[in-house]
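Only this structure's heavy atoms are used, side chains among them; waters, hydrogens and symmetry mates stay out. Convention: sequence-line order gives letters A, B, ...; per-chain numbering from 1.
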Amino acid sequence: MTLRIGSGAGYSGDRIEPAVELAQSGRLDYLAFECLAERTIAIDQQKRLKNPEEGYDPLLEARMRAVLPICLEKGVRIITNMGAANPLSALAKVAAICREMGLGPVRLAAVTGDEVLDQVRQQDLILEETGQPTSALGSRLVSANAYLGAAPMVDALRQGAQVVITGRVADPALFLAPMIHHFGWGMDDWARLGQGTIIGHLLECAGQITGGYFADPGYKDVAGLARLGFPLAEVEPDGSAVITKVDGSGGSITLATCKEQMLYELHDPAAYLTPDVTADFSGVRFTDLGADRVGVAGGTGRAKPPTLKVCVGYVDSYIGEGQIGYAGPGALDRARLGAEIVRERLALTGVRHSELRVDYIGLDSLHGPGLARPAAEPYEVRLRVAGRTETPAEAERIGNEVETLYTNGPAAGGGVTKGVRQVLAMASAYLPREAVRPELHIKEVSR
Amino acid sequence: MKLRELAHSRTGDKGNTVNISVIAYDEKHYPWLERHITAAVVKNHFGDLVKGEVIRYQLPNIGALNFVLKDALAGGVTRSLALDAHGKTFSSAMMALEIPPPPGSAA
């Protein structure tokens, strides 16, 4: 009765071979792929506005080609939010791949309804971060997606879908859905939903629990990071689980890796809000079972929140940036002189910017001068100037003024890079559950 | 001694807020960490980097503290001009925190 759920991706651009390894050797029942960071869906929505067939995860095709034949042969069901801003196009794409690879008959499903632009516009919701109504964004509003819970994915599984593709859903719900389906947990069994949520939370970043993002030589050594294995959970009917990975894969699963991942992106451990449950991790216990096996129990929960969180994406501004390197005696002084010149040039030439940032990479660019307290002047330093503008043309001028330091600035600057990017900012709003209507779409691919 | 000798850490981000865990390598050191690493100590350590309040959550169940630092990402992950817009490197700044050595340790 043990349920085996693997985690095939921790973000959109993640490695693919560890997912193949899990599908091949993990003896899985389910393989879930979490690929949707906060901003990803707004970027994908912009692609969809340009081409209505796009807007799903750019690696959907490569991932599906790699794992679908194995998963369908072994009876491993796939759940993923790679539908991003366009789950229906993703569904059509996966159907085409199945046909082309001769994988039918197969039943596929897509979940829509997370897109709530209309509702957000109608209700003119207030954005949590800015305190402004969404109407103030005007045409800069790009996307609005509510975090859906496990229910529509559970429906898809009940209807026999072998692949379930969603847009925005809560990350742990991708893993909670198969537990609810398999064990028949009630949608108000808060204790089990809370324990299932900690399992999902531990798995959702894939390699971050198997020793990825963990190594610190001499303190926390991890072997085999180039062949890092991705995790799987062996879940029991009461929700207790063992986190493990495929034998022989790289990385390691220890109490320490599990604790780090449990606290990742967590605020109040007693109130981890999801669409399905207010999960409580304050009593979670880990047990070292040896050989890359850690037991997890003690998660619980309370009633789910009355509203659903909505991620609102909007075009905020442009960022222009330039970098140039200096080395040897006086490197830092020349970099500082370069920064002064760029500031003066931007003022002289009337480049409007609402924010300008100067960093000395190699000195204090990551934590600022307060924490860095450098002991000696670095051998080399890289000047970085970044500024926020209203237009791409003005943003471009910032990088250009760093570039002109080559022939007009301090001695011996080298290695200029420059760039411009549009800032798609994300803000949060909250919608009553009743305003959000998930929809399920089933597609059969015949042999 | 540096906190790095007793604990490990990971940073997570949400909007303009980061959380930084402090996890004892050996759970017997947890009470020492709880005593010496208060929200005020962390707020002071991060200085100008963190504009907002610091909240501390205690997790004796796993021998860890969790610090939530508000208004810490120069306007938020998606808007920030910073190189490390997510604040992913902040855990390393936490590891540099100086704390008194626990009793019985070779300081």
Could you tell me whether the side chain of [Y] reaches within less than 4.5 Å of the side chain of [X], counting heavy atoms only?
X: A/H367; Y: B/T89; value: yes
X: A/D216; Y: B/R4; value: yes
X: A/D359; Y: B/L81; value: no
X: B/L59; Y: A/L263; value: yes

Checking [X] against chain B: side chain, backbone, both or neither under 4.5 Å from a heavy atom?
X: A/L356; value: backbone
X: A/Y314; value: side chain
X: A/D316; value: side chain
X: A/E38; value: side chain
X: A/E355; value: both
X: A/L371; value: side chain

Using non-hydrogen atoms and a 4.5 Å limit, figure out which bit of [X] sits close to chain A: side chain, backbone, both or neither.
X: B/L97; value: neither
X: B/F90; value: both
X: B/A82; value: both
X: B/S91; value: neither

With a cut-off of 6.0 Å (strictly less than), are more than 12 heavy atoms of other residues, nucleotides or ligands near [atom1] of [X]?
X: B/E27; atom1: CD; answer: yes
X: A/K418; atom1: NZ; answer: yes
X: A/R140; atom1: CZ; answer: yes

Practice task
Mind ranking A/D268, A/L255, A/V284, A/I361 by heavy-atom pairs under 4.5 Å with chain B and telling me who comes out on top?
Solution key: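 Max contact count across the listed options: A/D268.
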Exercise for the section: Quick one: which of A/S365, A/A42, A/S282, A/G368 has the most heavy-atom pairs under 4.5 Å with chain B, could you say? Expected result: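 Of the candidates given, the most pairs with chain B belong to A/S282.
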Exercise for the section: Begin with the C-alpha distance, continue with both residues' side-chain angles, and end with the deciding distance and a verdict on ring-ring contact (aromatic ring centres under 6.0 Å, His included) for B/H8 and A/Y219. Expected result: CA-CA 9 Å; B/H8 57 105; A/Y219 286 76; over 10 Å; no
Return the minimal non-hydrogen interatomic distance between [X] and [Y], and the atom names on each side.
X: B/N61; Y: A/F281; result: ND2-O, 3.5 Å
X: B/D13; Y: A/Y264; result: OD1-OH, 4.5 Å
X: A/R388; Y: B/R79; result: NH2-O, 2.7 Å

Just how far is it from atom [atom1] of [X] to atom [atom2] of [Y], taken to the nearest 0.5 Å?
X: B/N66; Y: A/M262; atom1: CG; atom2: CE; answer: 8.5 Å
X: A/E260; Y: B/I62; atom1: CD; atom2: CD1; answer: 10.0 Å
X: A/K259; Y: B/S9; atom1: NZ; atom2: OG; answer: 13.5 Å

Problem - B/R10 and A/E265 ion-paired at < 4.0 Å - result: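 Looking at A/E265 together with B/R10, the answer is no, because their closest N to O distance does not fall below 4.0 Å.
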Handout entry: Main-chain N/O of A/M426 paired with B/T78 side-chain donor or acceptor, under 3.5 Å
Key =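 Indeed, once roles are kept as given, a pair shorter than 3.5 Å links the two residues.
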Problem - Heavy-atom pairs under 4.5 Å with chain A, option from B/P60, B/A93, B/A74 with the top count - result: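 That would be B/A93.
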Practice task
Return the option, out of B/D84, B/I23, B/V77, with the maximum number of heavy-atom pairs under 4.5 Å with chain A.
Solution key: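 Answer, by heavy-atom pair count under 4.5 Å with chain A: B/I23.
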Practice task
Decide whether a cation-pi geometry holds between B/K88 and A/Y213; the criteria are a distance under 6.0 Å from NZ or CZ to the six-membered ring centre and an angle within 45° of the ring axis.
Solution key: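 Judged by the rule, B/K88 and A/Y213 form a cation-pi pair.
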Handout entry: Verdict with supporting geometry, A/H267 and B/T17, side-chain hydrogen bond (donor to acceptor under 3.5 Å, both in side chains)
Key = CA-CA 9 Å; A/H267 289 180; B/T17 301; 5.4 Å; no
Problem - Interface residues of residues 37-57 of chain B facing chain A - non-hydrogen atoms under 4.5 Å apart - result: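 The stretch touches chain A at B/H45, B/F46, B/L49, B/Y57.
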